[in-house]
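Below, read A as the first sequence line, B as the second, and so on, with proteins coming before strands; counting in each chain starts at 1. Below, each value reflects all heavy atoms present in this structure, side chains not excepted, and no hydrogens, waters or symmetry copies.
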Amino acid sequence: MMRLPWFQYQRPASVAEAARMLAAEGPRGMLIAGGTDLLPNMKRRQQTPATLISLSRVEGLKKITNGSGLTLGAGLTLTEVVGTGAVREKYRGLWQAAAQVASPHLRNMGTLGGNLCLDTRCNYYNQNEEWREAIGYCMKKEGKTCWVATASKRCLAVSSTDTAPALIALDAKVRLVSAAGERELALASLYNNDGINYITRKPDEILTEVVLPQLDGWSSTYWKLRRRGSFDFPLLGVAAAARMAPDGSVLEARVVLGAVSSQPLPLAKASEFLVGKKLNDEVIAEAGVLAASRAKPMDNTDLDVYWRKEVVPSFVGYALREIRGDDMRAMRMRISRQAL
Amino acid sequence: MNTALQKVDQRKAHITLRVNGEEVEVSFAPYKTLLEVLREELDLTGTKHGCELGECGACAVLVDGEPLLSCLKLALECDGASIETVEGLAEGPELHPLQAAFSDHGGSQCGYCTPGVLMTAKGLLDREPNPSRERIKEALSGNLCRCTGYQQIVDSVADAARTLRERGVKA
Ligand SMILES: Cc1cc2nc3c(=O)[nH]c(=O)nc-3n(C[C@H](O)[C@H](O)[C@H](O)COP(=O)(O)OP(=O)(O)OC[C@H]3O[C@@H](n4cnc5c(N)ncnc54)[C@H](O)[C@@H]3O)c2cc1C
Ligand code: SF4
Ligand code: FES
Ligand code: FES
């Protein structure tokens with residue numbers, strides 16, 4: 001049995017109470033939502049918080065507000081996000097991303113907030129304690145060297161959340177609440193390109209809501225590369241959203257890559273390149289090349305690293321063709337084995 | 001390596017559960033998962049431990065009707081919950097239609113994945129009495145089986161669904 005370490009457990013009933021507890025615990029405390037990321041990490045002693053502050057009974061984290069846009073509580077499970085009609089109809093990229101996270105059981109447990117705060121991943125880090133001890137640990141936890149690039153000054157662990165790229169393409173904001181106050185920031189600013197300090201959330205902040213703007217006339221999509229058809233962490237995620245003029249030319253676009261960096265990677269150049277153009281095959285191919293030039297997959301997840309870079313233009317192509325209105329169902333089935 | 005526990009009163013957690021319809025009170029070390037409490041405190045060893053990291057589905061049980069992975073569920077968080085495990089499927093000597101179908105169609109070989117598969121399938125059929133083959137595959141996509149090749153599992157679930165619909169009862 002791979003057992004959890006000892007911890008103290010607190011179960012607040014409100015966000016305010018949770019924020020007070022988190023402030024009082026300081027760096028010793030961590031929030032637990034679904035626990036599907038944190039508990040495996042604790043079993044492997046990658047993360048060893050002295051106190052867990054549970055969000056399971058916190059009032060108000062499961063709210064869905066349909067106003068001019070859509071506000072989703074961070075405590076909604078991914079199954080609940082996928083089951084929300086407004087997500088499916090108006091924010092399809094998020095719907096497709098959430099539906100491809102992990103397995104059905106894990107989506108019943110894992111939350112949207114937990115998915116956005118997911119720890120970065122690496123083959124040298126997601127191992128049990130004995131394994132990591134045998135290599136002298138690594139920079140991300142207890143060691144000094146990065147085994148992926150020994151000359152690297154920073155950790156290159158991979159951002160592996162599926163919903164973050166989709167939500168950034170949809171221009172989402174997040175609300176963060178602490179005992180000291182609250183703030184709203186663009187989801188893209190929640191992340192750093194650093195495998196250790198991957199998140200700009202302060203240790204005393206609770207992510208309470210994801211705020212989506214009203215997106216009339218936009219289409220969005222998410223494509224994911226994973227080893228198995230059933231479930232796996234992303235080896236590449238491509239999220240795209242665009243608003244098109246009646247003649248089919250692009251008025252606004254946002255393309256974001258996942259799992260090729262320590263943060264979800266918004267592609268400003270490729271996105272700007274699309275504006276004013278019609279999504280014909282040449283334009284799509286060129287956007288794919290621009291996207292691939294930014295993708296820096298590292299040899300610390302699954303599948304061959306060169307191949308993973310080579311397929312970036314193809315996946316950007318699938319996404320943009322779906323946005324253009326092509327029927328991508330057969331391709332989708334071949335790649336993800338899910339009807340999305 | 002383990003973080004020293006500061007408060008003595010947290011060395012034992014105490015919760016109430018409804019397990020297969022029966023109310024039970026159980027005390028355990030607070031770091032235990034639902035899987036560990038079921039197997040070690042309640043002696044319900046039908047639920048299997050495989051990877052213990054959320055990757056195999058062997059430990060799947062129903063919590064308030066929903067298929068979850070008991071290896072990643074803190075038992076502490078199940079206080080007041082209703083748990084269904086494989087032990088609750090048969091009624092006396094009478095196999096549950098899912099169990100009977102798995103036996104008829106070779107849906108179980110070594111049997112290690114079977115409790116998790118059965119409970120996940122029950123969770124599906126309780127909500128969707130008439131799922132398509134695709135839907136069955138999707139619902140079971142988190143359950144690994146190294147023996148059957150999966151087709152027999154899908155056949156078994158589809159057949160059990162038929163039996164249950166004919167009998168007009170909930171799975
Ligand atoms: C086998 C397996 C496969 C997986 N596959 C995928 C996959 O394909 N794609 C994917 O994206 N994920 C995957 N996951 C990871 C995980 O299941 C999901 O990311 C899930 O959504 C995490 O949510 P949670 O509520 O369980 O997070 P938790 O484990 O509870 O928390 C994760 C982190 O977020 C913090 N946190 C949680 N909620 C908040 C909040 N409201 N405010 C601030 N911080 C918070 C926690 O402190 C912790 O650091 C997989 C996990 C497993 C075990
Ligand atoms: S990228 Fe380097 S430092 Fe970061 S987890 Fe992997 S081996 Fe460790
Ligand atoms: S033992 Fe729980 S998923 Fe493998
Ligand atoms: S029957 Fe052996 S693993 Fe499924």
Requested in this report: For B:T45, check side chain to side chain contact (heavy atoms under 4.5 Å, CB included) against everything at least two apart and list the hits.
Outcome: B:R39
Report summary line: Bottom line for A:M42: the part with an atom under 4.5 Å from chain B's heavy atoms is neither
Report summary line: Counting heavy-atom pairs under 4.5 angstrom with chain B, the leader among A:P40, A:G34, A:S103, A:G35 is A:P40
Report summary line: Heavy-atom nearest pair, B:P30 first then A:F7, reads O-CZ, 3.5 Å
Query raised in the report: Looking at CG of B:L76 and CG of A:L52, how far apart are the two atoms once the value is rounded to the nearest 0.5 Å?
Result: 9.5 Å
Query - Any donor-acceptor N/O pair, A:N108 side chain to B:L68 backbone, under 3.5 Å - result: no
Report task. Please flag which part of A:L38 lies under 4.5 Å from any non-hydrogen atom of chain B: side chain, backbone, both or neither. Result -> neither
**Report entry** Close contacts, residues 333-340 of chain A versus chain B, judged by heavy atoms under 4.5 Å
**Finding:** A:M333, A:Q338
**Report entry** Under 3.5 Å: donor-acceptor pair, side chain of A:K43, backbone of B:E52
**Finding:** yes
Requested in this report: Identify whether the distance between the nearest side-chain nitrogen and carboxylate oxygen of A:R3 and B:E40 falls below 4.0 Å.
Outcome: yes
Query raised in the report: Which atom pair, heavy atoms only, marks the closest approach of B:Y31 to A:L4?
Result: O-CD1, 3.3 Å
Report summary line: Residues B:L72 and A:M109: closest non-hydrogen pair is O-CE, 3.5 Å
Query raised in the report: Between A:W6 and B:A29, which heavy-atom pair has the shortest distance, and what is it?
Result: CH2-CB, 4.1 Å
Query raised in the report: What is the minimum heavy-atom distance between A:Y9 and B:E77, and which atoms define it?
Result: OH-OE2, 2.5 Å
Query - Contacting region of B:K73 [heavy-atom separation from chain A under 4.5 Å] - result: both
**Report entry** For A:P104 against B:A139, the heavy-atom pair lying closest together
**Finding:** CG-O, 3.8 Å
